[in-house]
Amino acid sequence: MSTDLTLKEIQKEWHGTYRSYALGLLFSLVLTAISFGLVILNPLPHKYVHIALLVLAVVQAAGQLVFFLHLGQEAHPRWETLIFSFTTLILLIIVIGTLWVMSDLNERTMENMENMKNMTNMKKDMVHD
Amino acid sequence: MFGRLTTEAFFHEPSQNGAVAGMVIMGALLLILITWTARWKWLWKEWITTVDPKRIGVMYIVVVLIMFAKGFADALMMRLQQFLSVGDSSGFISASHFQEIFSAHGTTMIFFVGMGVIFGLMNLIIPLQIGARDVAFPFLNALGFWLFASGGLLTLISLAIGKFSTAGWLAYPPLSGIEYSPGVGVDYWIWAVQIAGIGSTIAGINFLVTIMKMRCPGMTYMKMPIFTWSCLCAVVLIILAFPVLTATLVLLTLDRYLDMHFFTSYGDGNPMMYVNLIWAWGHPEVYILILPIFGVFSEIVPTFSEKRLFGYASMVWALIMITILSYLVWLHHFFTMGASPYVNSFFGIMTILIAIPTGVKIFNWLFTKFRGRVHFTSPMLWFFAFVLNFTVAGMTGILLSAPPVDYQVHNSLFLIAHFHGMVIGGVLFGFFAGFTYWFPKFTGFFLDEKLNLYAFWCWFLGFLVAFMPLYMLGFMGATRRLDHYEASTGWHPIFAVVAFGACIILCGALIQFFGLFWSIKIRKRNWDHSGGDPWNARTLEWSIPSPPPIYNFAIIPTVDQRDPLWAIKRGQAPKTEKIYEDIHLPVNTPIGLYIGMFATIFGFAMTWHIFWLAILSLSGIITTAIIRLSLRDKHETISADEVKKMETLQNRNEPL
Amino acid sequence: MSRPLTLHHQDTLEAHPDTRVPDPHQDVFSTTTFGFWVYLMTDCLLFATFFVTFAVFHDRTFGGPSPKDLFDLKTVFIETMVLLFSSVACGLALLSSLKLEKTKVIIWMAVAFLLGASFVAIELKEFTHLVHEGNSWERSAFLSSFFTLVGTHGLHVSVGLLWLMVMMFQVFWMGITALTFRRLSVFSMFWHFLDLIWIFIFTFVYLMGMV
């Protein structure tokens, strides 16, 4: 198959350092504290909180990707980074596409759902204890 | 003790008994034949425990042929039923059996024929085309095969024990939910597809890493053969689409087994979410099936035109565009589910766009032939049939991509004609072409060309007779999946015609089946004496002897341009020193088989609610996996001298 | 069946001098870690499907309780810290393995295991509590989505714990070799990945649910 490397040669590939883990830990602690703080202390109006939480989550994820998973630090060609980017693209297409499609469908059927919920609630009371 | 499994599961409708008996008898005959010829040890050592992709590829094709026979039998029964069931007659199949048949037909053909075909071709061809000795993860590759076989086995078991699903090949809720399908059918379907799907994901990961990491020196991406490029795009699709299938099947399973409410309207669920998610997988799936086939033609057309492929760069561009666009069109499968015009038109436009790169590819193949010296071998004929049928079906796809048109013909026989044109005219014809083209590489002799031609004409003409009238029927309002159409429609003569077309196709399939055994019998007459390159081809798989030695390349080739064999033959290839080295190959292992067996038992146990057995078999899978992950890496070594000996022996090219 | 070679003018290409190995990292370590990275991408999509399902059904409570009534942010915070420190412990185990300090490696792995096990225990306690209160997955689409998303993550963590235990034995018996280092690296990718997913769970499920 492929000529193989010794343990020492492999370990040279490893990108982690005490510094990266310490930074990652600190980074995550700070961002987590801010996120929880935003919800518990409630300083912002509601619609901004959602966006802030999303941004904080994405930033913390990026931090963990860099500090813990060493993304972007692999040797060229940087396939891990490319594949991750492509995965994220497809993921966003599927997630945003689904949210769009489902909200669109729900909008066009919601009036019926209200009636159905009332009917099934009645049915639920009759059948279940 | 046995969950909900009772003796009743072994009794079937009269129309099914024949099939069950036939399957059981053929299975028993096979086991007797192997025992009588004392081939168990050989089978175990050479095939069942192998991690050699050349062998695994053949096993995929064997399973494909078995499952194709079943799927085709389903098709014939449907055609016969629709032909007979007119006026007062209700045919020979009950409505419920008919529903099982069309569900099994679709499931078998997509998952166990289509996916098997592409993985078979990938296993056989990719390592050879990239100048590699093996794939990146030989054990995982084998495991992927055994999970595929496990799913196939579950669908065959469902024929004999209990019933299969009646909810179609995609099992939409609410019909597939526990309330409306409380029996075992949908569960069989779920586990067969889930297990095979995980196998596909594993195999996809293996081939992605293989193509990216194991190309021979000098083979940059833009020098890879287009077949390899098309498989690279297909495995990217597999990796990013199959997890959605896995997740969606989990959701349906949870609804059925744990009374969850994803897709039930009771509990505030939404069945439309299933349709959305399953097609978010389902559309990339059809491109997964067709891209490798495009690759097959990209090898066959230049070889039999004696001219290099026209527009290599645009072919690569087209493949990448198709890959990306295939994630943006999935809603066209459910235009009629009720989304707004904004949503429908976005997806409609995206669908139209995807025709553009496909058209580029077809033009490139045709331009390749222009001013070439065209050989009308049967692979080339399959190509012509493909161009006609796939293009026509593709154009009906453009028709369907317009939501207002789709509203008229959604779920009619027009749709059936469209997608069968794509999968038969596309996937199947391409598979037949590739099978004929590469057969001499892996066996050392040719298929009988006369029988190839007879089979071709039966398939091509039979397909036209069996499917073109369906477009008409669809326009006239014939709905799909019906076992009975009223005589007053006046459609019966057309159903007679398409049933006849199916019989012509049957002739073609029988000729192929017989032709395979006949070609093996008379192989000495059709021996390949060219030293491995009978077609005067252009890519590396033809540079080694037929059949290839276990290590593929005694000396890893170095390439510096496209069509590397063409360069070698004109003395323009970079010179590699003829120094033989020790070759390390992975050892055989039965663990893939064991995990596959446990998976089959697990699927069966879950289906029948035999939960103690499910836990036991799941533990078996986990234990076996842990054992595998605790072993040290083992290799067998073929010394340099042995390699040299094998090379000189092969070059004498003795018939077996 | 040999045929005469025919030259066509389009075929006379300049031979390229570029005959380098196309990918410089073809050793088993690189291919294995790369392959595992690709598997993690499939896991990303699996979780994404469960996330989008949760998003679609997050307000489908069928007249039952909403997130505000069910979630306790104190518990979530503890779970987050436990998992984060477990992830760091795993990283420290890898760093010790670089220096071939076998005992330290096993100690850090044990720490990561204990923290991970605590995470699973806390989560199971939360689930059991919900079920006993009558808010199990059978109640509504929202609860079905919650249990499935968070439960799948918990299941991944549990499988990871089993894997970690097997790795501890392997390091104990075989020491730090090319083989065990490779397997440790792959495990650490998995373990960090699970912490990554948890970021999105505590944000989208718990925190946004309480807003």
Side-chain angles (χ1 to χ4, degrees), chain A residues 1-7 9-11 13-14 16-18 20-22 24-25 28-29 31-32 35-36 38-40 42 46 49-50 53-54 56-58 60-61 64-65 67-69 74-77 79-80 83-84 86-88 90-92 94-95 98-99 102-103 106 117 120-121 124, chain C residues 23-31 33-34 37-38 40-42 44-45 48-49 51-53 55-56 62-63 73 76-77 80-81 84-85 87-88 90-92 94-95 97-98 100 176-182 185 188-189 191-193 195-197 199-200 202-204 206-208 210-211:
Chain A
M1 268 174 69
S2 39
T3 52
D4 225 56
L5 304 179
T6 61
L7 175 61
E9 287 169 311
I10 301 174
Q11 287 180 333
E13 298 279 325
W14 184 252
T17 57
Y18 283 105
S20 70
Y21 283 107
L25 177 60
S28 301
L29 283 171
L31 288 168
T32 307
S35 298
F36 273 85
L38 273 179
V39 174
I40 295 176
N42 220 341
H46 274 203
V49 178
H50 283 281
L53 285 175
L54 173 65
L56 285 165
V58 170
Q60 193 184 148
Q64 286 205 8
L65 279 164
F67 293 121
F68 294 163
L69 284 165
E74 66 269 27
H76 283 271
W79 290 124
E80 278 90 345
I83 286 186
F84 176 75
F86 194 68
T87 304
T88 311
I90 301 301
L91 192 151
L92 287 174
I94 294 178
V95 167
T98 299
L99 289 172
M102 294 311 294
S103 75
N106 284 338
K117 197 159 68 156
T120 47
N121 266 334
K124 190 177 97 166
Chain C
D23 189 297
H25 301 282
Q26 294 188 337
D27 55 287
V28 177
F29 179 80
S30 296
T31 48
T33 48
F34 179 65
W37 183 255
V38 178
L40 287 179
M41 296 300 102
T42 69
C44 269
L45 274 159
T49 309
F51 268 108
V52 79
T53 305
V56 168
F62 201 52
L73 284 185
V76 178
F77 186 75
T80 309
M81 290 298 111
L84 177 62
F85 279 95
S87 199
V88 174
C90 177
L92 293 173
L94 261 293
L95 286 169
S97 76
L98 282 177
L100 303 180
I176 314 288
T177 63
L179 178 66
T180 51
F181 182 76
R182 183 176 90 220
S185 308
S188 77
M189 287 167 74
W191 206 238
H192 292 315
F193 172 76
D195 197 33
L196 195 74
I197 299 289
I199 298 172
F200 292 103
F202 80 69
T203 304
F204 288 122
Y206 292 103
L207 289 182
M208 288 202 190
M210 299 302 273
V211 171

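Predicted model, so just to flag it, every value in this text is computed and none were measured. First the proteins, then the strands, lettered A, B, ... as listed; each starts at 1.
Highest contact tally toward chain A, considering only C:Leu92, C:Leu98, C:Val38, C:Leu73, is held by C:Leu98 [criterion: heavy-atom pairs under 4.5 Å]. Interface summary for chain C: among A:His46, A:Met102, A:Glu80, A:Glu9, the most heavy-atom pairs under 4.5 angstrom belong to A:Glu80. Comparing C:Met189, C:Met210, C:His192 by how many heavy-atom pairs each has under 4.5 Å with chain A, the most go to C:His192. Ranking C:Leu95, C:Thr53, C:Val88 against chain A, the residue ahead of the rest is C:Leu95, based on heavy-atom pairs under 4.5 Å.
Neither the backbone nor the side chain of A:Thr88 comes within contact range of chain C; no heavy atoms are under 4.5 Å apart. Interface remark: C:Phe51 contributes no atoms to any contact with chain A (heavy atom separation under 4.5 Å). Neither the backbone nor the side chain of A:Leu38 comes within less than 4.5 Å of any heavy atom in chain C. C:Ser30 touches chain A through its side chain: at least one heavy atom from C-beta onward sits under 4.5 Å away, while N, CA, C and O do not. Heavy atoms of A:Val49 lying under 4.5 Å from chain C belong exclusively to its side chain. Within the 4.5 angstrom heavy-atom criterion, no atom of A:Phe67 approaches chain C. Only the side chain of A:Thr87 comes within less than 4.5 Å of a heavy atom of chain C; its backbone N, CA, C and O stay farther away. Residue C:Phe77 touches chain A through both its backbone and its side chain, counting heavy-atom pairs closer than 4.5 Å. Proximity to chain A (any heavy atom under 4.5 Å) is restricted, for C:Thr177, to the backbone atoms N, CA, C and O.
The distance from atom OG of A:Ser28 to atom CD1 of C:Ile199, rounded to the nearest 0.5 Å, is 6.0 Å. The distance from the CG atom of A:Leu65 to the CZ atom of C:Phe193 is 9.5 Å, given to the nearest 0.5 Å. A distance of 10.0 Å separates CZ of A:Phe68 from SG of C:Cys90, quoted to the nearest 0.5 Å. In this structure, CD on A:Gln11 lies 5.5 Å from CG on C:Leu100, to the nearest 0.5 angstrom. Going from atom CD of A:Gln60 over to atom CG of C:Leu84 covers 7.0 Å, rounded to the nearest 0.5 Å. C:Cys44 SG to A:Ile83 CD1: the interatomic distance, rounded to the nearest 0.5 Å, is 12.0 Å.
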Requested in this report: Evaluate the criterion side chain to side chain contact (heavy atoms under 4.5 Å, CB included) for residue pair C:Met81 and A:Leu29; output intermediate values, then yes/no.
Outcome: CA-CA 8 Å; C:Met81 290 298 111; A:Leu29 283 171; 3.4 Å; yes
Requested in this report: Could you check C:Phe85 against A:Leu25 for side chain to side chain contact (heavy atoms under 4.5 Å, CB included), going step by step and ending with a plain yes or no?
Outcome: CA-CA 8 Å; C:Phe85 279 95; A:Leu25 177 60; 3.9 Å; yes
Requested in this report: Show your reasoning for whether side chain to side chain contact (heavy atoms under 4.5 Å, CB included) applies to C:Val211 and A:Leu53.
Outcome: CA-CA 10 Å; C:Val211 171; A:Leu53 285 175; 4.3 Å; yes
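Across all non-hydrogen atoms, the minimal contact from C:Thr203 to A:Ala57 is OG1-CB, 3.5 Å. Annotation for C:Ala48 and A:Leu91: closest pair CB-CG, 3.6 Å, computed over non-hydrogen atoms. Taking each heavy atom of A:Leu7 and C:Ile176 in turn, the nearest pair found is CD2-O, 3.5 Å.
Screening A:Val39, A:Thr32, A:Ile40 for a side chain to side chain contact (heavy atoms under 4.5 Å, CB included) involving C:Leu207 leaves a single residue, A:Val39.
Side-chain atoms of C:Val76 and A:Phe36, non-hydrogen and from C-beta on, do get closer than 4.5 Å to each other. Under the 4.5 Å side-chain criterion, counting only non-hydrogen atoms from C-beta, C:Arg182 is not in contact with A:Ile10. When side chains are defined from C-beta on, C:Met208 counts as touching A:His50, because their heavy atoms get closer than 4.5 Å.
In this structure, C:Thr33 has no side-chain hydrogen bond (donor to acceptor under 3.5 Å, both in side chains) partners at least two apart in sequence or on a different chain. Every residue two or more places apart in sequence or in another chain was checked for a side-chain hydrogen bond (donor to acceptor under 3.5 Å, both in side chains) with C:Trp37, and none qualifies.
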